[in-house]
Amino acid sequence: MRKKYFVNTYGCQMNVHESEKIAGILKARGLCSAEKIEDADVIVYNSCCIRATAEQRIYGHLSKVKKLKESRPDLIAVLCGCMPQKPDALRPLKKRFPYIDVIIGTHNLNLLGEYLDKIEDEREGGVGHYEIWESERAVCEVPVLRNNSLSAFVNIIEGCDNFCSYCIVPYVKGRERSRPAAAILDEVRGLIGRGFKEITLLGQNVNSYRDGGTSFADLLRRLNGLGGGDFGDGGGGSGGLNESGTNGRFKLKFMTSHPKDLSEEVIKVIAEGDNLAKCIHLPVQSGSSRILRLMNRPYTREYYIDLIKLIRKYMPSAGLSSDLMVGFPSESEEDFLDSLRLVEEVRFNNLYTFIYNRRSGTKADLMEGQVDEKVKIERIEKMIKVQFAIGAEDAGKCVGQVFEVLCERAEKGFIYGKSWEDRPVYFKGRKELIGKFVKVRVASSKNTKLFGEILD
Ligand code: SAH
Ligand code: SF4
């Protein structure tokens, strides 16, 4: 019988995509996916360490492996990803979880298959395989196994060189390296050819993409050219044959952008590209220029607000979302109010709020003036309340408007999809519409959700 695997994923979309690679590697070695963790012969924990809460959750799940192994001694447990890649993390992890068979980091994930072979050879002696590479190698092409046939993640750049003072990512993902443009174009061409309708380009800072003479703006232009370019047909594209040899329209999104690198050229390309979603996720982190400086985010509050204005100049109804942190060391009430006022001024469609969390090894962890947890909670609660009202009010203004929506799935008697501006839209319709672009007139809203009727 074929062996089965089960992958547990923690953290960001990049990790979700890494897990698709893990599945691809395991499938290429003849394993198939298990429906339940209890049925698996190989269990993989693809970990995250961005905040302590993520780590606590993973520790909890790892401690359950001991029990699983009591009844299934052949079970192989793998811990990979960001948590073991943290400097000096391997030894304490091995000590705390001696029953985990393979521990690897982010830089050698592509060798998972080889490590599993070694484990099977070594089993008799009961030794595990533990290996962390201190630094990254060039971007490596590995097979990807996607569960979904409509939306796909595609890596374009790995690592991060920004070293924001609070963030562990540069220490666990290594230096920035761009994937060759030809490989990206090939992958996206193949995905569109297989009927995928939504592609999300991934990277910690997609705007610093560069492959020889190809910048991020060039890459977007070339990818845009792979799809049909006829807007307004509402039925999945009727444009002539394009560079990919298909006539399908598709929606291209990307994340994440760093405000310091988002150029006017990129904004223009997005505004003009028929296949480029009119939405940008642009993490601000704080509305106080003093805190931004301490965060090592090299822009000011004013620069950020001007950038938003520039985006809206080219795309007045662009969907804008952001990440914002409260309670960074030395954040005063006035700094926090600056963040609150920025949120009120910009009016994001969506805001992801975080409580600053100390990460050892980062500069901010050593800073004076760590903020009291109670104060942090009060601040985040205020921030969430303000954003909630903005989101709901803004959605209310969409009533009567028509949005083009990519139908993603059936949900509670509705068809759900997102507009080009990344607005969530629900309407009554047939399941056959899934995967199609349709026009919907908004009749009502609830929080940020829009409800409407499909137009013929
Ligand atoms: N590369 C992306 C974000 C990656 S991490 C960017 O620069 O925007 C995702 C989000 O987690 C960050 O935007 C930040 O808001 C949050 N984050 C990162 N480190 C954190 C920490 N130590 N405490 C709390 N939130 C953190
Ligand atoms: Fe972390 Fe900053 Fe890099 Fe984003 S840009 S991953 S927040 S260091």
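Remember, predicted model here, so these are calculated numbers, not experimental data. Here, residue 1 is the first one in the sequence, and each next residue gets the next number. Counting convention: from 1, in listed order, for ligands and their atoms alike.
Taking every heavy atom of Phe163 and a limit of under 4.0 angstrom, the matching atoms of ligand 2 come to 8 (S). Heavy-atom contacts of Pro170 reach the following atoms of ligand 2: 8 (S) (cutoff under 4.0 Å). Listed by number with element, the atoms of ligand 2 under 4.0 Å from a non-hydrogen atom of Gln204 are 6 (S).
For atom 3 (Fe) of ligand 2, the nearest non-hydrogen atom of the protein is Cys160 SG, 2.2 Å. With hydrogens left out, the protein atom closest to atom 1 (Fe) of ligand 2 is Cys167 SG, 2.3 Å, a heavy atom. Atom 7 (S) of ligand 2 has as its closest protein heavy atom Tyr166 OH, 3.4 Å. Protein heavy atom nearest atom 2 (Fe) of ligand 2, with residue, atom name and distance: Cys164 SG, 2.3 Å. For atom 5 (S) of ligand 2, the nearest non-hydrogen atom of the protein is Asn162 ND2, 3.4 Å.
Between Arg175 and Asp161 there is a salt bridge, since a side-chain N of the basic residue sits under 4.0 Å from a carboxylate O of the acidic one. Note on Glu331 versus Lys376: no salt bridge recorded, every NZ/NE/NH1/NH2 to OD/OE distance being 4.0 Å or above. A salt bridge links Glu334 with Arg341: the closest approach of a Lys/Arg side-chain nitrogen to an acidic carboxylate oxygen falls below 4.0 angstrom.
The distance from the NE2 atom of His107 to the CD atom of Glu136 is 5.5 Å, given to the nearest 0.5 Å. Glu187 CD to Phe196 CZ: the interatomic distance, rounded to the nearest 0.5 Å, is 9.5 Å.
Of all heavy-atom pairs spanning Arg301 and Glu345, the tightest one is NH2-OE1, 4.0 Å. Between Asp218 and Glu265, the closest heavy-atom pair is OD1-OE2, 4.5 Å. Between Leu406 and Glu198, the shortest heavy-atom contact is CD2-CB, 3.8 Å.
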message: For Asn350 and Ser321: C-alpha separation, side-chain torsions, deciding distance, then whether side-chain hydrogen bond (donor to acceptor under 3.5 Å, both in side chains) applies.
response: CA-CA 5 Å; Asn350 226 329; Ser321 59; over 6 Å; no

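Not a single heavy atom of Lys173 sits under 4.0 Å from any atom of ligand 2.
Both tests pass for Arg249 against the ring of Phe437: distance under 6.0 Å to the centre and angle within 45° of the axis.
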Once you restrict both partners to nitrogen or oxygen, which atoms of ligand 1 have a protein partner under 3.5 Å, and how far apart are they?
residue  : atom   : partner : partner atom : Å
ligand 1 : 1 (N)  : Gln204  : O            : 3.0
ligand 1 : 1 (N)  : Gln204  : OE1          : 2.8
ligand 1 : 7 (O)  : Arg297  : NH1          : 3.4
ligand 1 : 11 (O) : Arg51   : NH1          : 3.2
ligand 1 : 13 (O) : Gln285  : NE2          : 2.7
ligand 1 : 13 (O) : Asp323  : OD2          : 2.6
ligand 1 : 15 (O) : Gln285  : OE1          : 2.7
ligand 1 : 17 (N) : Arg51   : NH1          : 3.4
ligand 1 : 22 (N) : Tyr166  : O            : 3.0
ligand 1 : 22 (N) : Asn357  : O            : 2.8
ligand 1 : 23 (N) : Asn357  : N            : 3.0
ligand 1 : 25 (N) : Arg51   : NH1          : 3.2

